[in-house]
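Down below is the structure, laid out as structure tokens.
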Amino acid sequence: MKKLLFAFALSLVFAVTTGQETRPIAIIPQPVKVEKLTDSFRFTESVSLVVPSKNAAVQTIATSFVSKLRSSTGFAINITDAEVASSSSIVLSLNNTTEPQLGNEGYSMEVGATGVQIKANQPAGLYYGIQTLLQLFPKEIESKEVVMNVSWILPACRITDYPRFAWRGLMYDVSRHFFTKDQMKVFIDDMAKYKFNLLHWHLTDDQGWRVEIKSLPKLTEVGAWRVDKTGSFNTFSKPEPNEPRTYGGFYTQDDIREIVKYAKERFIDILPEIDVPGHSMAAIAAYPDLTCTPGTYVVNSGEKFMEWPAGGHFYGLVDNALCPANEKVYDFLDKVFTEVAQLFPFGYIHMGGDETARNFWEKSEAIKGLMKRENLKNLDEVQSYFVKRVEKIIMAKGKKMIGWDEILDGGLAPNAAVMSWRGIKGGIEAAKLGHEVVMSPATFVYIDYMQGDLSTEPPVYASLRLKKTYEFEPVPDGVDAKFIKGGQGNLWTEQIYNVRQAQYMTWPRAFAIAESVWSKKERKEWDDFVGRVEQHFGRLDFAETKFSKAMYDAIVTPKKTSEGKLQINLATEIDGIDIY
Ligand code: ACM
């Protein structure tokens, strides 16, 4: 009987093991080359992590890898600088490749029965190799707590991998809703897992100024706070003059330094955005003299303050723009960019430049005087005059300027990089003028849009399904690829009230963006991607990261036929799904 039980137990172990071995390799973003080998690697407590390099960044990578492994497996593995004959090992080798194509961020990896070898030219490559290695572990590796009874078996394989673009970004709007320092760290952790390397931090807007500027304290004393309202932005009633401003927050300069360091350890740069001359109500509430129409202003609490005619120019019901004819504005911006440049080591500063309502400029005597003095023919040229002066300020701080594609209007500043969001045409125009471009077209990568039908999703004014996001291609036909630095997705937060909702909007669409900016174009394949996304849903569950399953929802398209009948088309974006 005992023998029988033993045999039964053995067969169970075998079944589990076999089951684990046949788990598909499902890496996001898809690596350049993956060869599946026979065999597998079993991760146990006796595995050691071999790190010959004394490089500080590599040591940090090793320590955080060991701590990640410990959280879910419970195994406290040793870091050593040389292989131990008796134990299998995971070896991280720096400067040890004969593969120049790996560049600064690539890696090669071999997983076999006796161990794992990851090689890279630079620490970033080792870091990305580890992110891939973690994706070869069973999904339970993402758990924050120890998971018992898991066979930590990895499929044997050989991988060569490096990114297509150097700029792989996500933008996070912390103005419309504020997210704390710790919440930002969680977002950064999630970005790093999928090999994003750029966090574009939208720090200022009409609804809140979120970065401490020591020389301009009112920006955060006044500009960081608004009336707390819940519902649909743009529909709220106007705040009463004495209504308490209880919603908001900001990052102190120490907070910023802490987050910048945290991101850097995960090979993520932070691009700060100070959005001017429009989107400036929070700054104006603090310093009303910065408009062409000084008066009393309040931080916007979600009440309507602008008309947004389709295809037309914005029309401000309240003036939310800095005044290009006012010298105090440039003194103000000099102070802001001095401190921002010191806080953020990244080489670029984003100055916004989008969606400026100019109807208050149009009526301003000061603007008329500026136009005469500077021979500016129209408001596009007034805006361009402003942008060029901002570029001079930013360059004087040793940084390059980037702005939304409206900075092309009226003439681009000489050294500016352009972030193309109104489709790709601004990016094409800028690249043809020889300027650097980051592609971020709303039509493909605005992850604040609903990801399914209005009837099933929390309402936002537009929709963007996963499949469309997956079609994102940063290099348009006919454009010299050398001007396209990369691409990014944008998470605007008017309708995002908390972290769970932010995660729901981000995942899985950010998988699609990660793959568009990391993987080779010819390695992208929708059906295969969907299979991998499904594997990663299991990983997100263990990580307690919220995600959307809208890719399974029907696409509902009503239309009127030529006979005047209403026809409803039902389709799916994934093959093999039945609609009931
Ligand atoms: C933008 O979406 N206004 C850049």
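It should be emphasised that the depicted structure is a prediction, and the values quoted were computed from it without experimental measurement. Atoms within a ligand are numbered from 1 in the order they appear, just like the ligands themselves.
The closest side-chain heavy-atom distance from I274 to W209 is below 4.5 Å. Taking the side chain as every heavy atom from C-beta outward, E105 and R168 approach each other to under 4.5 Å.
Considering backbone and side-chain N/O atoms, E355 comes within less than 3.5 Å of an N/O atom of ligand 1. Distances between N or O atoms of Y446 and those of ligand 1 include at least one value under 3.5 Å. Taking only nitrogen or oxygen atoms, main chain and side chain alike, D354 reaches within less than 3.5 Å of ligand 1.
Between Y128 and W518, the two ring planes are perpendicular [angle over 60°; tilted spans 30° to 60°].
Between E525 and R523, none of the side-chain N atoms (NZ, or NE/NH1/NH2) sits under 4.0 Å from a carboxylate O, so this pair counts as no salt bridge.
For ligand 1, the atoms lying closer than 4.0 Å to a non-hydrogen atom of W492 are 1 (C), 2 (O), 4 (C).
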